[in-house]
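Handing you this structure, nothing more for now.
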Amino acid sequence: YTIPYGIPMSKKKDIGSVSGHVYDSEAPGHPGVAGVILRINGSSAITNAKGEFVFPSMLQGSYKITVDPESTGLDRITEEKLPMTVEVISGKITEVDLNLIRSAKLSGRIMLVPISEDNNNKAVIIGTPGSNNGNREPKGLPSVLVEMSNGQETIRRLTNKDGEFLFESMRPGTWKL
């Protein structure tokens, strides 16, 4: 049965949506990844078993989409740098595909190496030699700013009390230290 109410109905003209897929680009067949949490302006969506997600009823405009790194799996990161800007157009569906890849990790230590007569005093010196009460052992330098860059993004870390640093969740590629 249909009951006419005489209420005029129309689609909202300034509403669009964002939908897409999250793929494992390193697995055979590039399957979708379930359970990945995505966010746009305080709204959240979770991928289904096929890796699909949707943000319905978004006002027209520009938005930043992010992914909860805890939901992508151990040592996994999006191939694309996030947050990613998406444009919502009224009456349209904006498609977004995100690929997950294995993340890289780099660790190291910044050291103070005193001058040694054994190598003809040609060592690179940071600081004042012999300022460690005559101790000529190398030691780590705390609170040194270490920077990694790949041309598109830059990550900075401070060394700990032993001069150690750690960069985690890096996209594979060529980085400069």
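Below, all heavy atoms of this structure are taken into account, side chains as well, without hydrogens, waters or symmetry copies.
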- Stepwise salt bridge (charged side-chain N to carboxylate O under 4.0 Å, His left out) check, E168 with R157: CA-CA 10 Å; E168 294 181 292; R157 300 285 184 266; over 6 Å; no
- Among L98, D97, I101, V33, find the residue that satisfies the side-chain contact (heavy atoms from CB on, under 4.5 Å) test when tested with S25.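 Only one of L98, D97, I101, V33 forms a side-chain contact (heavy atoms from CB on, under 4.5 Å) with S25, namely I101.
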- Query: Is it true that a side-chain atom of R109 and a backbone atom of D162 form a donor plus acceptor pair closer than 3.5 Å?
  - Reply: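 Checked: pair present.
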- Message: For A34 versus A49, what's the shortest heavy-atom pair and its separation?
- Response: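 Heavy-atom minimum between the residues: CB-CA, 3.8 Å.
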- Query: Is the side chain of E153 donor-acceptor paired with the backbone N or O of K81 at a distance under 3.5 Å, no angle test?
  - Reply: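 No, because the side chain of E153 does not come within donor-acceptor range (under 3.5 Å) of the backbone of K81.
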- Task: Given side chain to side chain contact (heavy atoms under 4.5 Å, CB included), test I77 with R171 step by step and report yes or no.
- Result: CA-CA 7 Å; I77 191 168; R171 283 171 191 77; 3.8 Å; yes
- V54 versus A45, closest heavy-atom pair with distance: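 Closest pair (atom of V54, atom of A45, distance): O-CB, 3.7 Å.
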- Item | Shortest non-hydrogen contact between S103 and R76, atoms and distance |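 Closest approach of S103 to R76, heavy atoms only: OG-N, 4.0 Å.
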- Message: For N99, is there any backbone N or O sitting under 3.5 Å from a side-chain donor or acceptor partner on E79?
- Response: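 Side chain of E79 to backbone of N99: no pair is present.
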- Item | Check: V144 main-chain N/O paired with T159 side-chain donor or acceptor under 3.5 Å |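 Checking the backbone N and O of V144 against the side chain of T159, a donor-acceptor pair under 3.5 Å is found.
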- Query: Do the side chains of L177 and W175 join up, straight or via other hydrophobic residues, at under 4.5 Å, putting them in one cluster?
  - Reply: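 They do share one cluster, since a chain of ILVMFWY contacts under 4.5 Å joins L177 to W175.
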- Message: Looking only at the side chains, is there a donor atom on one of T47 and E52 sitting less than 3.5 Å from an acceptor on the other?
- Response: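 No pair is found: no donor N or O on one side chain lies under 3.5 Å from an acceptor on the other.
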- Item | L59 with L38, same ILVMFWY side-chain cluster at under 4.5 Å |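 Yes, one cluster joins them.
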- Any donor-acceptor N/O pair, T154 side chain to S149 backbone, under 3.5 Å: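 Checking the backbone N and O of S149 against the side chain of T154, no donor-acceptor pair under 3.5 Å is found.
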